[in-house]
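A short worksheet on the structure shown next.
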Amino acid sequence: MLTVDEIRKDFPILSRKINGKQYAYLDNTTTTHKPLSVIKTMTDFLKKENSSVNRGVYYLSQKATARCEETREKVQRFINAKREEEVVFTKGTTEAINLVATSFGSTLKKGDEVIITEMEHHANIVPWQQVCLSQGAIFKVIPFSDSGMLDQEAFDRLLSHKTKIVAITHCSNVLGTINSIKKMVEKAHKYGAKVLIDGAQAIQHLPIDVQDLDCDFYCFSGHKLYGPTGIGILYGKYELLSMMPPYQTGGDMIDIVTFEKTTFKETPYKFEAGTSAIVEIIGLGATIDYLENIGYETITLLEVPLLEYAMSELKQIEGISIYGSAAKRAGIISFNIDGVHAHDAGTIFDDEGVALRVGHHCAQPIMTHFGIPATIRASIGFYNTKEEIDKFIIGVKKIKEFFK
Amino acid sequence: MLTVDEIRKDFPILSRKINGKQYAYLDNTTTTHKPLSVIKTMTDFLKKENSSVNRGVYYLSQKATARCEETREKVQRFINAKREEEVVFTKGTTEAINLVATSFGSTLKKGDEVIITEMEHHANIVPWQQVCLSQGAIFKVIPFSDSGMLDQEAFDRLLSHKTKIVAITHCSNVLGTINSIKKMVEKAHKYGAKVLIDGAQAIQHLPIDVQDLDCDFYCFSGHKLYGPTGIGILYGKYELLSMMPPYQTGGDMIDIVTFEKTTFKETPYKFEAGTSAIVEIIGLGATIDYLENIGYETITLLEVPLLEYAMSELKQIEGISIYGSAAKRAGIISFNIDGVHAHDAGTIFDDEGVALRVGHHCAQPIMTHFGIPATIRASIGFYNTKEEIDKFIIGVKKIKEFFK
Amino acid sequence: MSRLKKLYESTILDHNKNPRNFRVISPCSNSSHGKNPLCGDDYFVFLDIKEGIIEDISFHGSGCAISMSSGSLMTTHLKGKTVDYAYQNKDVFLKMVSKDMTSEEKKILGKLSVFEGVKDYPVRVKCAALVWRALEDALGKNKGEISTE
Amino acid sequence: MSRLKKLYESTILDHNKNPRNFRVISPCSNSSHGKNPLCGDDYFVFLDIKEGIIEDISFHGSGCAISMSSGSLMTTHLKGKTVDYAYQNKDVFLKMVSKDMTSEEKKILGKLSVFEGVKDYPVRVKCAALVWRALEDALGKNKGEISTE
Ligand SMILES: Cc1ncc(COP(=O)(O)O)c(C=O)c1O
Ligand SMILES: Cc1ncc(COP(=O)(O)O)c(C=O)c1O
């Protein structure tokens with residue numbers, strides 16, 4: 001098994017001094033750092049093989065096309081999709097969800113129902129709200145308990161033959177909860193409803209098997225998976241993607257264009273209008289290689305002890321409110337220090353060399369649930385160390401002292 | 001003035017041998033190579049400053065945010081927009097046009113008219129076709145003459161108070177024609193119609209001044225401007241962007257989210273849902289620095305003689321049909337060799353070490369106009385040389401010989 | 001920590017813990033609602049103006065130490081002053097939190113100059129400015145809503 | 001150029017210039033329309049099948065030298081043969097243009113093996129394969145339309 005010291009060599013940014021200060025990077029939920037191999041793959045492509053795809057008969061263009069399709073195959077294998085055609089390149093999770101909400105959502109009729117949960121990121125709320133508004137569909141929400149667990153009985157009550165789509169996050173970006181997706185998919189399918197899973201957070205921590213989950217759509221972003229910005233994935237079952245209308249239109253996704261009528265290519269191409277994010281796709285391929293080399297077992301073995309350590313240290317400090325305590329959870333800790341506004345804490349953490357996020361984390365309904373304006377959130381990646389957690393805990397104590 | 005030899009040092013890929021062969025890269029219309037300074041800026045950011053934007057209170061996140069906003073300012077200056085808020089980051093030209101067609105297009109009413117031209121790229125045809133279908137608007141087309149000039153009298157006849165939007169390419173990616181945008185904008189505005197300019201090709205060759213053109217929207221892609229893939233720009237007049245509804249929805253573009261109602265931020269943020277293509281935005285900033293350093297005067301002085309030389313050499317060869325001969329044109333040459341299918345020519349060019357594109361170039365209506373299935377297209381960037389043009393001309397002669 | 005001590009000056013910490021004029025004036029002549037959705041700062045500013053004089057001023061809501069103490073010190077500073085004086089102080093205050101000041105300007109602000117340290121923390125500028133933006137809005141029109149981010 | 005000469009074998013260049021069976025059969029028992037929108041190759045394949053025998057076969061349309069000669073040689077090769085033979089040849093042909101072949105397989109294809117050079121040009125495979133895909137489609141159902149890209 002790779003050790004954290006070995007892994008950290010792939011991420012020199014982690015030990016870089018900024019203004020003479022070394023930061024503990026505990027903002028992995030927002031975005032992750034990229035290993036050198038990913039950066040090098042992108043740079044090498046730009047320096048030596050730069051070309052466009054799907055178009056040229058010349059060597060570099062053929063090669064670039066092949067490398068992009070290779071990434072599609074890698075993604076297919078990585079999430080265990082049945083076919084390559086089920087893997088659509090998007091610019092991120094947000095675009096993937098918008099694509100489904102717009103394209104699949106166009107089949108919604110008045111009175112149809114869409115169910116989401118109270119713990120969604122805005123990216124998995126607003127597109128559904130918008131499509132419900134435009135289609136006259138009804139928007140329903142599964143609540144969660146204070147411990148951060150979805151209310152399964154409420155879900156049972158909300159489900160009906162009117163339910164057309166259920167959109168759930170695999171892992172909450174605030175509470176850390178890992179939801180029981182497989183069970184929920186099973187329930188929804190009994191009513192013929194389709195299920196979209198927002199995997200933006202989960203895939204950083206867990207191996208994903210879309211066939212085992214049996215979900216209809218699964219979305220994630222490269223930049224939260226130790227990979228490039230500007231690229232994300234929409235997985236969709238072949239039968240669904242096949243029958244869905246295109247989303248954006250333009251070059252590379254059409255079959256024949258006349259001024260009277262346009263016909264479109266098959267999935268996945270009909271969803272990929274315009275020149276692809278070629279460099280980013282190739283970088284995502286290198287990211288998957290990197291992660292497969294480390295392996296999710298190692299990731300878990302590295303992350304879980306850090307999470308447990310951080311939690312137990314934090315709980316020993318008085319006057320701390322922690323939000324979310326699900327048994328199955330990722331290394332995401334949201335909390336507040338009594339009498340201290342999260343934003344003030346954030347400034348002091350920065351001063352102390354701890355990079356974390358404070359705010360509503362694009363999940364305002366979770367804030368509303370707890371009646372708070374914001375939380376402090378520390379989030380752990382496989383490259384973090386016990387020393388970094390110590391630094392974070394010292395930060396918490398200093399803040400308490402400062403505002404006492 | 002910088003010489004081409006100096007400039008080529010910034011693009012080592014141009015002199016790289018691939019399979020022992022050195023290519024003349026004449027596919028700059030499809031995509032351009034990136035100077036080392038752009039690659040280095042992106043790599044340095046990834047290695048030393050990687051962070052997310054608009055969210056963190058810690059140093060790197062503030063810095064990344066500042067750098068992205070700096071690019072917005074650079075773009076504003078580069079195209080002479082009035083305000084920063086008029087510059088929206090998209091993933092490319094195609095997305096920029098889709099955004100306007102969907103968001104501005106939602107105001108179209110039954111019987112309203114949309115005018116495009118016969119020489120558009122599919123990206124500036126299909127989104128308008130789709131929105132006309134969904135809104136019941138009427139789709140009209142300005143034809144071009146065999147010399148590749150838009151029929152201005154036809155435009156005058158098509159324009160009326162029913163015209164709501166006119167979408168025109170600044171420079172044809174097949175014919176090379178540079179259209180008289182300013183005059184056409186003036187005409188359209190007389191009827192209160194808005195004008196979108198597809199600048200994907202033009203901005204590579206000409207300085208753009210959106211205030212002088214007085215167009216309402218202007219779109220372009222990073223990767224065709226010697227910059228990164230996965231990033232593009234939508235310029236829109238402030239008053240229009242302000243009143244337009246959002247396009248994609250999700251994180252970073254909302255004001256307040258409750259399950260009852262969501263309110264959105266102002267432009268440009270309301271159009272930028274999800275985590276931005278941070279690295280690509282920063283790379284685009286470096287691209288603009290690079291181009292401003294070279295200057296459009298130099299670009300013209302380098303490109304025009306090459307275009308003229310290539311044209312005069314080509315015209316001396318018998319049995320060549322050239323498509324498009326507008327007086328104002330960019331270095332884009334579309335042609336066919338009598339009795340040879342473009343696709344066969346493409347294979348031989350590749351063998352000869354000439355990288356160019358054959359096909360319909362995502363502009364099938366232009367193929368239909370000339371009654372041909374495809375063309376061979378050679379396109380010139382400022383880094384090309386006379387020797388590369390010679391290589392291309394030799395290729396043409398060899399192909400003639402081969403298929404005689 | 002010394003830069004930080006300059007940001008969280010003791011006066012600021014005190015006004016955060018014990019905000020002055022932290023109440024609703026109802027009815028009032030002018031008011032506005034200011035919020036910063038990013039960090040959740042959310043305040044109302046109330047004014048009672050008679051013949052150009054701010055006879056009473058208060059604020060209410062929730063937010064970070066910088067925004068809270070800014071509300072407390074602003075209301076303390078402006079009570080009984082003229083509307084013109086409020087406008088002038090607003091301009092100087094907003095300048096102070098982002099740029100360097102002349103000693104003359106500093107004199108005008110008096111105690112408010114404890115917020116000088118904010119200019120070293122660009123992301124916190126909007127926290128200090130929020131209540132002043134709301135004040136500006138309240139003075140301009142009679143009731144309103146503003147947002148900074 | 002030698003790799004290129006292997007691709008554009010003289011038989012291929014000849015059949016491109018003078019395509020055989022380049023006509024419409026009407027009425028016919030089976031037909032299909034094959035196109036490759038990317039480069040504009042566009043062909044119809046027509047068959048007249050009686051009791052398992054391909055009594056007549058032709059093609060018509062436009063495209064590159066590889067697709068044109070492929071249509072010419074395919075129709076020449078299959079005329080008078082059984083449907084089973086056509087299916088078998090289609091499989092071997094499609095294998096040849098992308099993979100290495102055994103000498104036995106090569107024997108089956110006879111003259112068609114002039115297309116062996118195509119496998120060195122991955123982007124041209126679909127040109128050679130287009131009429132065969134259309135044939136497959138025509139044999140499967142009676143009228144059809146297919147697209148390769
Ligand atoms: C004139 C024109 N418009 C639009 C586009 C689409 O640009 P992109 O593929 O970068 O979105 C292109 C290039 O393919 C083009 O040449
Ligand atoms: C749970 C969840 N869903 C969706 C998103 C949106 O991802 P992106 O901004 O990469 O589109 C995020 C991250 O911000 C997230 O944490």
Side-chain angles (χ1 to χ4, degrees), chain A residues 12-13 16 18-19 27 30-31 33-34 39 43 46-48 50 52 55-60 91-95 98 121-123 125-127 129-130 141 221 223 228-231 248-251 254 256-257 259 262 273-275 277-280 346-347 350 355 357-359 362 364-365, chain B residues 12-13 16 18-19 27 30-31 33-34 39 43 46-48 50 52 55-60 91-95 98 121-123 125-127 129-130 141 221 223 228-231 248-251 254 256-257 259 262 273-275 277-280 346-347 350 355 357-359 362 364-365:
Chain A
I13 192 172
R16 193 182 155 237
I18 297 155
N19 299 337
D27 195 18
T30 301
T31 200
H33 291 312
K34 329 308 173 197
I39 300 174
T43 311
L46 283 168
K47 282 191 180 163
K48 297 182 196 158
N50 179 58
S52 198
R55 294 173 169 179
V57 292
Y58 56 90
Y59 176 77
L60 278 187
K91 67 177 175 180
T93 307
T94 302
E95 177 167 86
N98 274 271
H121 184 278
H122 294 162
I125 301 174
V126 191
Q129 239 175 1
Q130 297 295 106
V141 183
S221 301
H223 74 99
T229 52
I231 184 72
Q248 296 182 342
T249 56
I254 60 90
I256 290 180
V257 174
F259 291 127
T262 294
T275 303
I278 302 167
V279 184
E280 294 68 29
T347 294
D350 179 41
R357 192 171 164 202
V358 298
C362 296
Q364 288 178 1
Chain B
I13 191 172
R16 193 184 154 236
I18 298 156
N19 299 337
D27 195 17
T30 301
T31 201
H33 291 311
K34 328 306 172 200
I39 301 174
T43 311
L46 282 169
K47 283 191 181 162
K48 298 183 198 158
N50 179 60
S52 198
R55 294 175 169 177
V57 290
Y58 56 90
Y59 177 77
L60 278 187
K91 67 176 175 181
T93 306
T94 302
E95 178 167 88
N98 273 271
H121 185 280
H122 294 162
I125 301 175
V126 191
Q129 242 176 357
Q130 297 296 105
V141 182
S221 302
H223 74 101
T229 53
I231 184 72
Q248 296 182 343
T249 55
I254 59 89
I256 290 181
V257 173
F259 291 127
T262 294
T275 304
I278 303 167
V279 184
E280 294 68 28
T347 294
D350 180 41
R357 190 169 165 202
V358 297
C362 296
Q364 288 178 2

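All chains are named by letter (A, B, ...) in the order of the sequence lines, taking the proteins before the strands, and each is independently numbered beginning at 1. Note that the structure is a prediction, hence the values are computed from the model and not measured.
Per-residue counts of heavy-atom pairs under 4.5 Å with chain A were compared for B/Ala123, B/Ala355, B/Gly346; the largest is that of B/Ala355. Between chain B and the options A/Thr347, A/Leu60, A/Ile278, heavy-atom pairs under 4.5 Å are most frequent for A/Ile278.
The minimum heavy-atom distance linking B/Gly251 with A/Cys362 is given by the pair CA-SG, 3.9 Å. Shortest non-hydrogen contact noted between B/Tyr59 and A/Asn19 is CE1-ND2, 3.4 Å. Between A/Ile13 and B/Lys48, the shortest heavy-atom contact is CD1-C, 3.6 Å. Shortest non-hydrogen contact noted between B/Thr94 and A/Gly250 is CG2-CA, 4.2 Å. For the residue pair B/Ala277 and A/Gly230, the shortest heavy atom distance occurs at CB-CA, 3.9 Å. The heavy-atom pair separating B/Asn98 from A/Thr249 by the smallest distance is ND2-O, 2.8 Å.
Atom NZ of B/Lys91 is separated from atom CD of A/Gln248 by 5.0 Å, given to the nearest 0.5 angstrom. Here CD1 of A/Ile231 is found 9.5 Å from CD of B/Glu280. Values are rounded to the nearest 0.5 Å. The line from NZ of A/Lys47 to CD1 of B/Ile39 is 6.5 Å long, rounded to the nearest 0.5 Å. With rounding to the nearest 0.5 Å, the separation of OG1 in B/Thr262 from CD in A/Gln364 is 8.5 Å.
Both the backbone and the side chain of A/Leu46 come within contact range of chain B, with heavy atoms under 4.5 Å apart. Of the atoms belonging to A/Val279, heavy atoms from both backbone and side chain fall under 4.5 Å from chain B. Both the backbone and the side chain of B/Val257 come within less than 4.5 Å of a heavy atom of chain A. Contacts of B/Ile256 with chain A are made by both backbone and side-chain atoms, with heavy-atom separations under 4.5 Å. Contacts between B/Ile18 and chain A at a heavy-atom distance below 4.5 Å involve the side chain alone, from C-beta outward. Of the atoms belonging to B/Gln129, it is side-chain heavy atoms, and not backbone ones, that fall under 4.5 Å from chain A. With a threshold of 4.5 angstrom between heavy atoms, A/Gln130 approaches chain B through side-chain atoms but not through N, CA, C or O.
For A/Asp27, the salt bridge (Lys or Arg N to Asp or Glu O under 4.0 Å) partners are A/Arg377, not counting sequence neighbours. The salt bridge (Lys or Arg N to Asp or Glu O under 4.0 Å) test applied to B/Lys34 returns no partner, not counting sequence neighbours.
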Tell me, with the steps shown, if B/Ile254 and A/Val126 meet side chain to side chain contact (heavy atoms under 4.5 Å, CB included).
-> CA-CA 9 Å; B/Ile254 59 89; A/Val126 191; 4.1 Å; yes
